[in-house]
Amino acid sequence: MMENMDYTMKFEAPKEDNLSVDEIIESVYAALVEKGYNPINQLIGYFLSGDPTYITSHNNARSLIKKYERDEILEEILKKYLEGK
């Protein structure tokens, strides 16, 4: 083991999943349903207040939703809604 002290060890942090807004909303929605919350009410509470405690930490939902700014998420939701019209 001491013979390896002359070499530089390389460390690579695990890469984060680059989830889309769609994927994050679906995951957060599913986590809220699993925990018995009304997902629409909880998401609206989060969007209006910015308080992440409206989102459960179950299945890492709270961390996921914070990967994007609230306005970015709302923009994507509005685009999807208007595309469906």
Side-chain angles (χ1 to χ4, degrees):
M1 182 153 179
M2 293 298 280
E3 60 198 43
N4 290 333
M5 297 296 280
D6 292 335
Y7 298 102
T8 301
M9 299 294 290
K10 184 176 179 182
F11 174 79
E12 288 186 34
K15 293 182 181 176
E16 284 189 28
D17 294 333
N18 291 327
L19 297 176
S20 69
V21 172
D22 289 351
E23 293 168 321
I24 287 175
I25 289 296
E26 289 175 13
S27 295
V28 169
Y29 183 92
L32 288 165
V33 169
E34 283 179 26
K35 292 302 284 183
Y37 295 111
N38 179 325
I40 302 301
N41 288 347
Q42 297 304 114
L43 285 164
I44 289 171
Y46 170 67
F47 292 135
L48 292 177
S49 71
D51 183 356
T53 60
Y54 278 99
I55 307 301
T56 181
S57 58
H58 178 67
N59 287 344
N60 207 28
R62 190 175 298 155
S63 294
L64 286 175
I65 204 160
K66 291 192 299 185
K67 288 183 182 271
Y68 288 94
E69 296 293 328
R70 289 177 297 149
D71 61 326
E72 293 175 306
I73 297 170
L74 288 170
E75 182 179 333
E76 190 64 28
I77 290 170
L78 185 58
K79 278 187 205 175
K80 295 291 182 184
Y81 173 78
L82 293 173
E83 287 172 2
K85 290 263 173 200

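In this chain, residues are counted from 1 in sequence order.
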Are the side chains of Y54 and I65 in touch, meaning some heavy atoms are under 4.5 Å apart? no
Sorted by chain and number, sequence neighbours left out, side-chain hydrogen bond (donor to acceptor under 3.5 Å, both in side chains) with S63 holds for N60
side-chain hydrogen bond (donor to acceptor under 3.5 Å, both in side chains) filter on S27, not counting sequence neighbours, yields none
For I24 and Y68 the tightest heavy-atom approach is CD1-CE1, 3.4 Å
Sorted by chain and number, sequence neighbours left out, side-chain hydrogen bond (donor to acceptor under 3.5 Å, both in side chains) with K66 holds for none
For D71, the side-chain hydrogen bond (donor to acceptor under 3.5 Å, both in side chains) test, sequence neighbours excluded, returns none
Margin query: I'd like to check L64 versus I55 (side-chain heavy atoms, cut-off strictly below 4.5 Å). Are they in contact?
Written below: no
Residue pairs passing the salt bridge (Lys or Arg N to Asp or Glu O under 4.0 Å) test with at least one member in residues 19-29, sequence neighbours excluded, are D22-K80
More than 12 foreign heavy atoms under 6.0 Å from CD of E83: is that the case here? yes
Please table the atom pairs, donor to acceptor, closer than 3.5 Å between any side-chain atom in residues 29-39 and protein atoms at least two apart or in another chain.
from: E34; atom 1: OE1; to: H58; atom 2: NE2; distance (Å): 2.7
from: E34; atom 1: OE1; to: N59; atom 2: ND2; distance (Å): 3.2
from: N38; atom 1: OD1; to: I40; atom 2: N; distance (Å): 3.1
from: N38; atom 1: OD1; to: N41; atom 2: N; distance (Å): 3.2

Members sharing L82's hydrophobic cluster, built from side-chain contacts under 4.5 Å between Ile, Leu, Val, Met, Phe, Trp and Tyr, are L78, Y81
For E75, the salt bridge (charged side-chain N to carboxylate O under 4.0 Å, His left out) test, sequence neighbours excluded, returns K79
dist I44:CD1 -> L74:CG (nearest 0.5 Å) comes out at 10.0 Å
When rounded to the nearest 0.5 Å, the distance separating OG1 of T53 from CZ of R62 is 6.0 Å
